[in-house]
2 protein chains.
Amino acid sequence: MRSARINRVTTVKRLTLEEIGRLAGVSRSTVSRVVNDHPEVSPEVKRRVLATIEETGYRPNRAARSLVSSRTGLFGLVIPSRVRNVFQDPYFGRLIQGITSAANRAELTLSLFLFEDRREELDLYPRVIANGMLDGVIVTATTTADPLVDLMLQDRTPFITVGRPDYDAISHVDVSNREGAADGTRHLIEHGRSKLATITGPSNTTTGIDRRNGFLDAAADAGIEIDSRRVVEADFTESVAFEAATRLLDHPPDAIFCASDTMARGALRAIKGAGLRVPDDIAVVSFDGLVEAYETSPPLTTVAQPVRRTGEEAVRLLVDLTEGRAEPSSRIILPTELIVRRSCGCDD
Amino acid sequence: MRSARINRVTTVKRLTLEEIGRLAGVSRSTVSRVVNDHPEVSPEVKRRVLATIEETGYRPNRAARSLVSSRTGLFGLVIPSRVRNVFQDPYFGRLIQGITSAANRAELTLSLFLFEDRREELDLYPRVIANGMLDGVIVTATTTADPLVDLMLQDRTPFITVGRPDYDAISHVDVSNREGAADGTRHLIEHGRSKLATITGPSNTTTGIDRRNGFLDAAADAGIEIDSRRVVEADFTESVAFEAATRLLDHPPDAIFCASDTMARGALRAIKGAGLRVPDDIAVVSFDGLVEAYETSPPLTTVAQPVRRTGEEAVRLLVDLTEGRAEPSSRIILPTELIVRRSCGCDD
DNA sequence: AGCGCTCCTGGGAGCGCTCCCGAAACTACT
DNA sequence: AGTAGTTTCGGGAGCGCTCCCAGGAGCGCT
């Protein structure tokens with residue numbers, strides 16, 4: 001263990017522009033120009049100022065800058081309270097990585113807002129949004145009629161959602177949930193399955209709705225009737241999906257389309273628990289592509305979505321929006337891709 | 001889909017203290033006193049001011065406040081670049097939940113800093129720490145000789161680490177890794193196992209070191225010799241642990257203590273792949289308590305650590321530190337608890 | 001009536017920065 | 001040499017807030 005030099009300096013005179021100017025023999029304004037890389041500074045002076053900034057380790061005070069520019073360089077990432085066990089599903093982790101990665105590259109700072117309940121969530125607005133603390137906000141996983149979104153709509157700080165929002169005219173980035181779900185379901189049908197079932201996400205989320213509709217689209221296209229008891233709703237968690245799947249097994253389907261990998265794990269567990277085999281008795285296709293092949297048995301066939309890229313695009317869109325480069329209601333839709341493994345009945 | 005009222009108001013006069021004062025017929029100062037709940041305001045005036053604040057929806061500008069108070073209400077959570085796949089392991093998710101939950105309660109805002117590489121990580125210091133953007137910082141998962149910690153030590157912004165730091169004199173919160181690991185190992189020994197092995201965390205982390213030492217402590221106490229080939233290092237990921245476990249199986253032990261649940265999953269997969277049974281051939285005990293019983297087969301016996309509480313205590317400690325309530329080098333050590341399931345050889 | 005006291009309120013100063021305007025210095029012309 | 005134009009720099013003003021100090025109002029007391 002190394003011993004630390006704790007330098008609890010009590011009165012470090014905080015360096016200011018004025019002070020640096022004094023040291024370099026120029027004015028406050030000139031130092032400001034150098035710091036902000038304005039052109040009208042002679043090379044000689046610029047060199048001198050840069051040198052004293054270097055040796056003093058001066059950093060401009062952010063609060064003062066924000067006060068005059070009314071920009072903070074701070075962006076918010078909001079994950080609503082509705083999301084139970086955010087990190088149980090690999091989705092959010094991956095999304096956060098994409099977002100932080102893009103944020104780092106753009107040299108902007110990201111605040112994370114997670115909530116335990118609705119009260120905390122609504123408290124966010126007065127506490128950090130209405131007072132101009134954030135230059136922009138990314139809201140994920142909104143529900144239909146999300147009160148936070150309603151509040152944000154009243155405000156001036158730019159925001160986008162990840163996932164299709166309830167309102168039109170809100171900028172967002174999403175993946176082709178409906179088409180992807182249809183692709184996955186079609187694959188099941190091509191395997192000759194016809195007693196199709198699905199475990200959907202919550203019906204108060206657009207993601208849940210879109211993937212369910214994609215499933216229904218594919219079935220309808222193939223002329224397959226879907227009994228409403230074969231459409232069960234869960235909440236993207238493995239335990240609730242387990243229960244949903246168990247209910248499904250009362251009248252066993254020969255194929256299940258699960259709206260997420262995590263839910264597919266629950267379904268797999270339920271099917272095995274009932275003494276049935278995957279894919280022989282029931283074929284399974286899921287959505288996300290976030291679970292490695294070795295993590296389930298059999299390996300999951302899944303509709304992969306580019307989560308990391310979703311995060312990166314979200315940051316890009318938000319920055320474009322704050323700088324007026326993007327249309328107020330642009331949308332970016334990223335493609336999905338079917339990854340064929342074994343749970344669908346394919347050999348490989 | 002509801003249609004949105006996008007109110008792109010171009011020139012909203014931002015409300016100020018002065019403005020509110022004018023509306024309420026008092027001065028800027030009086031409004032300030034009301035907002036900050038200072039006592040020397042008459043009830044009648046206070047009521048009137050509060051009323052106009054309410055009806056105008058006024059929120060004090062944070063930048064201006066920060067400028068004079070030199071406090072921002074912003075805290076940072078730093079997860080160093082070393083951590084590959086932060087969210088593959090449930091640990092960080094749980095920790096983040098604990099931290100954000102406590103932060104919400106304390107009405108402080110949390111910024112998240114994740115990095116892809118060392119360069120990004122070191123960039124953090126000049127970009128957000130040295131310019132006083134953060135009131136305090138929580139650094140997790142530091143390695144020995146972490147350059148960021150070295151930088152922070154030079155700075156005045158208070159910081160703590162989660163996990164025992166390399167330096168003494170840095171405030172931190174940690175769990176009893178060494179004792180916990182010894183408990184887990186002792187349990188294996190009580191099952192009559194003597195050919196003990198361990199898969200450790202990285203040897204440049206105090207967590208890796210402490211848990212390995214706990215394992216060695218228990219073995220030594222029982223008079224059991226540990227062949228150095230029975231101590232293999234991994235990096236807390238399941239895939240590297242899989243490889244480490246595979247190496248271990250060249251001279252199969254009859255018990256493995258894994259320094260994390262995630263690594264235990266890798267070990268389980270390797271053992272099964274080799275055609276051996278758990279716990280019959282090899283008993284397994286892990287550390288963390290973050291994996292549900294149904295998630296592995298057999299259910300893992302594990303040394304549970306209170307991750308969520310760790311996060312909460314971290315926030316508490318940091319806040320105490322910034323407000324001068326805590327000693328400059330306090331440490332909080334949380335207890336671990338052995339959760340007995342089946343992988344160790346117990347019946348239930 | 002005069003004094004001192006407390007209670008409440010208003011306004012000046014200043015936090016560290018950016019923006020703007022004007023002056024100084026220098027150049028290039030007539 | 002004088003003028004206009006350009007480049008480079010300094011200082012005032014002000015962002016919205018908090019802190020401090022001064023002063024008025026109201027009170028009870030001598």
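Computed from a predicted structure; not experimentally measured. Numbers restart at 1 for each chain; the letters A, B, ... are given by sequence-line order, proteins then strands.
- If you check C/dC17, D/dC17, D/dC20 against the side chain of B/P60, the one that comes closest is D/dC17.
- Ion pairing between a basic and an acidic side chain is recognised when a charged N comes within 4.0 Å of a carboxylate O; B/R309 and B/E312 show no such pairing.
- Defined by atom type and a distance below 3.5 Å, a donor-acceptor pair is missing between the side-chain atoms of A/R65 and A/T72.
- Atom CZ of B/R62 and atom C1' of C/dC17 are 20 Å apart (whole Å).
- Distance from the side chain of A/V68 is smallest to C/dC17 among D/dC17, C/dC17, C/dT9.
- Minimum atom distance to the side chain of A/V41 is reached by D/dC9, of the listed C/dC17, D/dT18, D/dC9.
- Across C/dG16, C/dG10, C/dG12, the shortest atom-to-atom separation from the side chain of A/T16 is found for C/dG16.
- Side-chain atoms of A/N61 lie closest to C/dG16 of the nucleotides D/dC17, C/dG16, C/dT9.
- Using a cutoff of 4.0 Å between basic side-chain nitrogens and carboxylate oxygens, A/D135 and A/R71 are scored as salt-bridged.
- In the set D/dC17, C/dT18, C/dT9, C/dT9 carries the atom at the smallest distance from any side-chain atom of B/S42.
- Distance from the side chain of B/R33 is smallest to C/dT9 among C/dT9, D/dC17, C/dG16.
- One can place CG of A/L17 at 16 Å from P of D/dC9, the figure rounded to the nearest angstrom.
- In this entry the distance linking CG of A/N36 with P of C/dC20 reads 13 Å, nearest Å.
- Looking at A/D146, A/L114, A/T143, A/L124 one by one, the single match for side-chain contact (heavy atoms from CB on, under 4.5 Å) with A/P80 turns out to be A/D146.
- Under the 4.5 Å side-chain criterion, counting only non-hydrogen atoms from C-beta, A/L95 is in contact with A/T140.
- Candidate nucleotides D/dT18, D/dG10, C/dG10 were compared by shortest atom distance to the side chain of B/V26, and C/dG10 ranks first.
- Checking the phosphate oxygens (OP1, OP2) of D/dT18, a side-chain nitrogen or oxygen of B/S32 falls inside 4.0 Å.
- Spacing between atom NE2 of B/H38 and atom C1' of D/dC19 amounts to 9 Å, rounded to whole angstrom units.
- Atom P of nucleotide D/dA22 and atom CD of B/E40 are separated by 17 Å, given to the nearest angstrom.
- Taking for each of B/P43 and B/L67 the nucleotide of DNA chain C with the nearest heavy atom, the 5'-most of the two is the partner of B/P43.
- The base of D/dG12 lies close enough to the side chain of A/R28 for a donor and an acceptor atom to sit less than 3.5 Å apart.
- Here the nucleotide nearest the side chain of B/R65, chosen from D/dT18, C/dG12, D/dG10, is D/dT18.
- When both pairing distances are held under 3.5 Å, D/dC29 makes a Watson-Crick or G-U pair with C/dG2.
- No salt bridge links B/D123 with B/R119; every basic N to acidic carboxylate O contact stays at or beyond 4.0 Å.
- A/E19 places its CD atom 17 Å from the C1' atom of C/dG14, with the value rounded to the nearest Å.
- For A/Y58, no side-chain nitrogen or oxygen approaches OP1 or OP2 of C/dG16 to under 4.0 Å.
- For D/dG11, the base has a donor-acceptor partner in the side chain of A/S29 [N/O atoms by modelled type, under 3.5 angstrom].
- In this entry the distance linking CG of B/D37 with P of D/dT18 reads 13 Å, nearest Å.
- In this structure, of D/dT18, C/dG11, D/dG11, it is D/dG11 that holds the atom nearest to the side chain of A/S27.
- Distance B/I20 CD1 to D/dG16 P: 12 Å, rounded to the nearest Å.
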